[in-house]
Amino acid sequence: MKTLRIVIFIGLLPLLAACSGVRNCRAPQLMLPEDLAGNSVDTLSVADTEWWKFYADSTLAMIIRETLEHNRDFLAAAARIEELRELYGISKADFLPAVTANSYADRETNHYSDEKFKGDSEFGLKATLSWEADLWGGLSWRKQRAGAQYRASIEEWRAMQVSLIAEVSTAYFNLLALDNELAIVRRTLYTREENLKKAKLRFEGGLTPETVYQQAKVEYASTASLIPDLERRIKAQCNAIALLMGHYPGEIISRSTLSLDEPLTHRMPVGLPSALLQRRPDLRKAEASLRASLAAVGVAYADRFPRLRIGLTGGVENDELSGFFNSPFSYVIGSLTGTIFDFGRNKRRHKAAMAAYEQSRLNYEQKVLTAFHEVDDAVNAYKLVSQSSSRRRELCDAAHQYAQLAYKQYNMGVINYIDVLDAQRRYFEAQVGLTNAVRNEYLSLVNLYKVLGGGWQL
């Protein structure tokens, strides 16, 4: 039996060491943080920073706290942890004997033919101590399985915490970007309204043709038509955040502003690839599930053998209450129970458990591989999105200067009004593009923080 356990454990080694060289399986290397942080070796990571420090926005930190305190799915995951903790306690208690007590009183009456009426009473008080010997390791495997399932539930809760923080942060930055876009549209609408008034005066005064006036009306109407859709999207985003926070719709969501002038830092330490296996709760959950599957194999194997249970019963019993405690009663029984022939049921259960273990092993390896790809993609995305944000900022400045220059040249009669509208349109698109680029930069940072497994510290 010891040989069996060693064989099963060896089967676990390729999985637990999937990224340490066993079976020639080496973890793919991340784009190390030398590109972002300027360091060739980096043992720290943004994921080692508590989320309330990482997200410097105090309003967002408040929203995250509300989410973690009132989100129903998150609270249900916490209750699941408590359930599995109690079940784990049961599996540990299975090693100890169980004591049961029984008190009874009965009276039997007999009235046979040609015999006198006869009554037979009995009173008893008995206690039984029973204990199952862990001959084949079944109880030990059950304890290991329950413990692994309990640890997996904790990591699942932590993984949900990471996801919730990332989800509410994403919704928050989307909301800030929509606020910015709405403010840009309203400022542009005010400018278009002024231009429309001037175009109308010039047309009525005979200084410009009607075409210029109609162009100004088109630009004003097209800009005004953007406001209802933006307000609808802002309302929907507020409701989405309120739902994550566990609040009813209509909640007023406090928020700050999305700065377009201050670029995010490019010195973003990522950490060494080996630390990813220790940091990401979803990988730790997969490892715990793998251990539970291994323990299930041991349970299924032990169930193929008989079980030894020893019982000791003691107490008192008497036909009369008088002298009840002067009549002790006791017996000891040992039972060895097992299936003689079950048409291969237990053998097939063992094989099914081994197949389930193989699924868990492959699932763990796939999750490890996926995790490294996710981090590599997130690092590259953050770097490229940051570059795009810088280019958008330059484009916005150039478009602003172009719009001002075009308006001056139109007042001097150098260019036509349609050139002014084209310059203003380009400036408007550049402002919206910059807002979206900055939003994408924040979202890529949120995603990087998530895939590194950070943000769940309490």
Spacing of S58 atom OG and I63 atom CD1 [to the nearest 0.5 Å]: 10.0 Å
D303/R142 under salt bridge (Lys or Arg N to Asp or Glu O under 4.0 Å): CA gap, chis, key distance, verdict: CA-CA 11 Å; D303 285 343; R142 286 184 174 86; 2.9 Å; yes
Exceeds 12 heavy-atom contacts within 6.0 angstrom, atom CG of L96: yes
Side-chain (S389) to main-chain (V385) donor-acceptor, under 3.5 angstrom: no
Over all atoms of both residues, closest heavy-atom pair of V432 and I184: N-CD1, 4.2 Å
Closest heavy-atom pair and its distance - W141, V299: CB-CG2, 3.5 Å
Side-chain (W136) to main-chain (R307) donor-acceptor, under 3.5 angstrom: no
N-O pairing of E83 and R80 below 4.0 Å: yes
Step-by-step side-chain hydrogen bond (donor to acceptor under 3.5 Å, both in side chains) determination, T223 to Y190: CA-CA 10 Å; T223 304; Y190 177 78; over 6 Å; no
More than 12 heavy atoms from other groups under 6.0 Å of CZ on R426: no
Side-chain donor or acceptor of T170 paired with backbone N/O of A166 under 3.5 Å: yes
Expected output: side-chain R280 to main-chain V451 donor-acceptor under 3.5 Å: yes
Option passing salt bridge (charged side-chain N to carboxylate O under 4.0 Å, His left out) with E155 (candidates K367, R284, K285): R284
Any donor-acceptor N/O pair, N447 side chain to L443 backbone, under 3.5 Å: no
Check: Q424 and R192 side chains under 4.5 Å, non-hydrogen atoms: yes
Check ion pair E365-R361 (N to O, under 4.0 angstrom): yes
R255 side chain near C238 side chain, heavy-atom distance below 4.5 Å: yes
R145, CZ: over 12 other non-hydrogen atoms inside 6.0 angstrom: yes
pair F428-L226: side-chain heavy atoms closer than 4.5 Å: yes
Per-pair distances, 0.1 Å, donor-acceptor, side chain in residues 69-76, under 3.5 Å, sequence neighbours excluded:
residue	atom	partner	partner atom	Å
H70	ND1	E66	O	3.2
H70	ND1	E66	OE1	3.4
N71	OD1	D73	N	3.1
N71	OD1	F74	N	3.1
N71	ND2	L244	O	2.9
R72	NH1	H70	O	2.7

From CG (L189) to OG (S225), nearest 0.5 Å: 9.5 Å
Any E82 side-chain heavy atom under 4.5 Å of E86 side chain: yes
Residue pair P281 / V162, side-chain heavy-atom distance below 4.5 Å: yes
Heavy-atom side-chain contact between D397 and H400 under 4.5 Å: no
Straight-line distance of I81 CD1 to Y150 OH, nearest 0.5 Å: 7.0 Å
Salt bridge present between K450 and D282 (N-O < 4.0 angstrom): no
Interatomic distance, T435 atom OG1 to L182 atom CG [nearest 0.5 angstrom]: 11.0 Å
S140-D134 side chain donor-acceptor pair, cut-off 3.5 Å: yes
salt_bridge(R392, E441) N-O dist < 4.0 Å: no
Nearest atoms (heavy-atom pairs only) where I165 meets V168: O-CG1, 3.4 Å
Sole residue of I253, D229, L178, N239 in side-chain contact (heavy atoms from CB on, under 4.5 Å) with I234: L178
Intermediate values then yes/no, side chain to side chain contact (heavy atoms under 4.5 Å, CB included), N346 and R349: CA-CA 5 Å; N346 288 334; R349 290 189 183 98; 2.7 Å; yes
Atom pair CG (L87) and CD (Q149), whose distance is rounded to the nearest 0.5 Å: 8.0 Å
S293 to A356 - nearest heavy-atom pair and separation: OG-O, 4.2 Å
Sole candidate of Y449, Y382, Y172, F173 that passes ring pair (Phe, Tyr, Trp, His ring centres under 6.0 Å) when paired with Y442: F173
Considering all heavy atoms, the nearest A302-G138 contact: CB-CA, 3.5 Å
CA sep, side-chain torsions, deciding dist, call: Q144, R291, side chain to side chain contact (heavy atoms under 4.5 Å, CB included): CA-CA 8 Å; Q144 293 182 33; R291 294 182 182 276; over 6 Å; no
Rounded distance (nearest 0.5 Å) linking atom CG of N174 with atom CG of N440: 8.5 Å
Trace of the side chain to side chain contact (heavy atoms under 4.5 Å, CB included) decision for E132 with F95: CA-CA 8 Å; E132 180 179 350; F95 286 90; over 6 Å; no
Stepwise side chain to side chain contact (heavy atoms under 4.5 Å, CB included) test for S256 and L176: CA-CA 7 Å; S256 57; L176 296 188; 4.2 Å; yes
Where Y248 and A242 come nearest, the two heavy atoms and their spacing: O-CB, 3.9 Å
